[in-house]
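Position 1 is the first residue of the sequence; numbering continues from there.
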Amino acid sequence: MQHNEEYVLKVLEEDGVITRQQIDGARSLLNGEPGVVDVLINDGIVSDVDVSRALAAQAHMDWIDISSMVIPPQIINQIRGEDARRFKVVPVAFGETGLVVAVGNPLDIDTIDSLSFLLQRELELVCTSPQKIREALIKYYGTADEAADVLQKRIGEDIDLGLEIGDGGEATAIDEADAPIIRLVSMLLIEAHRVGASDIHLEPLDKKFRVRFRIDGVLQEMQAPPKRLQSAIISRLKIMTGSMSIAEKRLPQDGRIQVKIKKKPIDLRVSTIPTNHGESVVMRLLDKSSLKLGLPELGFFSDDQETFERLIKLPDGILLVTGPTGSGKTTSLYACLNYINKPDRKIITVEEPVEYQMTGINQVQVNTEIGMTFPAALRSILRQAPNIIMIGEIRDLETASIATNASLTGHLVFSTLHTNDAPSAVARLVDLGVQPFLVASSVRAIIAQRLLRRLCAHCKQPGELSETDLRALRIEPGQLSEAQVMKPVGCDRCRQIGYKGRMGIFEIFEIDDDVRHMINKRSPTLLLRQRARELGMRTLREDGVRKVMAGLTSAEEVISITVGDVS
């Protein structure tokens, strides 16, 4: 194989992947013995993908990225697991003349001929890297232990440093046969926390068991465990909740898992629902560290932050946070409560469910099965003489009426509504049945918000706005003189995406006497919006533009998340 290695080194040098000095340095360590390529790979100078591409070029063979493929079972079943492992190959498709097989070393003709003889059929060969072959063998033929090994290698830490299960989990001794599944599920949770996922989606499909993480609001597909481990993984998660039934697979179930990952407490809300191909599981990761977010971390610029701080210090009235599901409303409300949580104030929340446990705050869990509804809880807590009340969501007239009355009797009320912008919240309350004069006299301010992905601080680079972006964002060329426009690039820290973390954009609508008069007259939302603009309200898109100009996010992100302003 000496001539093969020399050819590979020549190709890598010609392609600019390595230099002659690096080759000579590796060769000097071996005293002329073969193995230079292995030394270069181990030192991180080249990757096995670079080497396999060079081998494919020598063999005049196509190179493919097998990790990005979804290979159906009817293809995988063409080669038995033990044979695929022995020959280090993975079937990928049916070709024109035979079975298309991915190999890691296309120059190993003897192995390929032996496989062809064993299968008694023609083979069409494509090349991929040996590491991708190993991962695919685990993905399609592997065991739970091997699947966990892949995750653990990616995390790069021993599992003993990772996950501790809370009160719900380990009531009985672990059966040795179950240990690989337990380890696999633990590694899955650790990996989700490591990459900053907010949700884990385990979805049984016809041919595979798909795993997706929601990272910064975007679902990303992850390495899937073998389909045959589906039932065992779901059962393990149910056991960890301590409350969900393993036997019940026909009805939706909900549960909660409390774990510590690297000594950090994490709550997981678990939800299952039966589908055609098994139970679909969604787990929401609730990281209590987000409770300590200050207002700047939410994405407020200093001027908006001053306005917000002034509003949440008001003695009474309603402060509404609006936006669609997943726009960060709850996180903003918790940050408010954290900011004003002082020993001289009594704060009570009514939530469904209580997502975060907060020290010093009385939190009430809604339970409709026993009659503990939002209105019932609110009526009771008013007798507890609170200063500040947080209502998870105003969703009906009774809840809205109690919130309104509470605000008029000297309480400061925080709550959320599902509307697209701030002025629309007025119409929403009136549609629920609240009298306009009550809305006008109780609501102090309405804040609409969305979440944008932040550009990765480690790889973002200066960029320019296209003519299309300038028109869409209504930016005049003269405004760009002091702008710091940046663009996404991608690096290892952001998983090659270019974005890492999220921040809010906000629309703050303060209710003044003129607006109250307009609400009393049932003025349409368009007129309320025009008046809000006259009062200085920035729209969501305008706040997004400020963050584009400051180099915090991209124009594409703002355009995709917000709608154009009404003239």
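- S523 pairs by the side chain to side chain donor-acceptor pair (under 3.5 Å) definition with nothing, not counting sequence neighbours.
- For D62, the salt bridge (Lys or Arg N to Asp or Glu O under 4.0 Å) test picks out no residue, with sequence neighbours left out.
- With hydrogens and angles left out, the side-chain atoms of Y499 and T553 include no donor and acceptor closer than 3.5 Å.
- Annotation: side chain to side chain contact (heavy atoms under 4.5 Å, CB included) contacts of I561 (sequence neighbours excluded): R450, L452, E557.
- In this view, N420 satisfies the side chain to side chain donor-acceptor pair (under 3.5 Å) rule with no residue, not counting sequence neighbours.
- With sequence neighbours excluded, the residues forming a side chain to side chain donor-acceptor pair (under 3.5 Å) with D396 are T399, listed by chain and number.
- Remark: R210 pairs with E203 by the side chain to side chain donor-acceptor pair (under 3.5 Å) rule, at least two apart or across chains.
- Residues satisfying the side chain to side chain contact (heavy atoms under 4.5 Å, CB included) test with H277, not counting sequence neighbours, are P204, D206, K227.
- Residues passing the side chain to side chain contact (heavy atoms under 4.5 Å, CB included) test with E351 are Y334, T349, V354, Q363, M390, sequence neighbours excluded.
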Identify all side-chain donor-acceptor contacts of residues 501-511 below 3.5 Å with residues at least two apart in sequence or on another chain.
residue, atom, partner, partner atom, Å
E507, OE1, L540, N, 3.1
E507, OE2, A422, N, 2.9
E510, OE1, R310, NH1, 3.1
E510, OE1, R310, NH2, 3.3
E510, OE2, R310, NH2, 3.0

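- Scanning for salt bridge (Lys or Arg N to Asp or Glu O under 4.0 Å) contacts around R428 gives an empty result, with sequence neighbours left out.
- With sequence neighbours left out, the salt bridge (Lys or Arg N to Asp or Glu O under 4.0 Å) criterion links K208 to E221.
- In this structure D216 satisfies the salt bridge (Lys or Arg N to Asp or Glu O under 4.0 Å) test with no other residue, sequence neighbours excluded.
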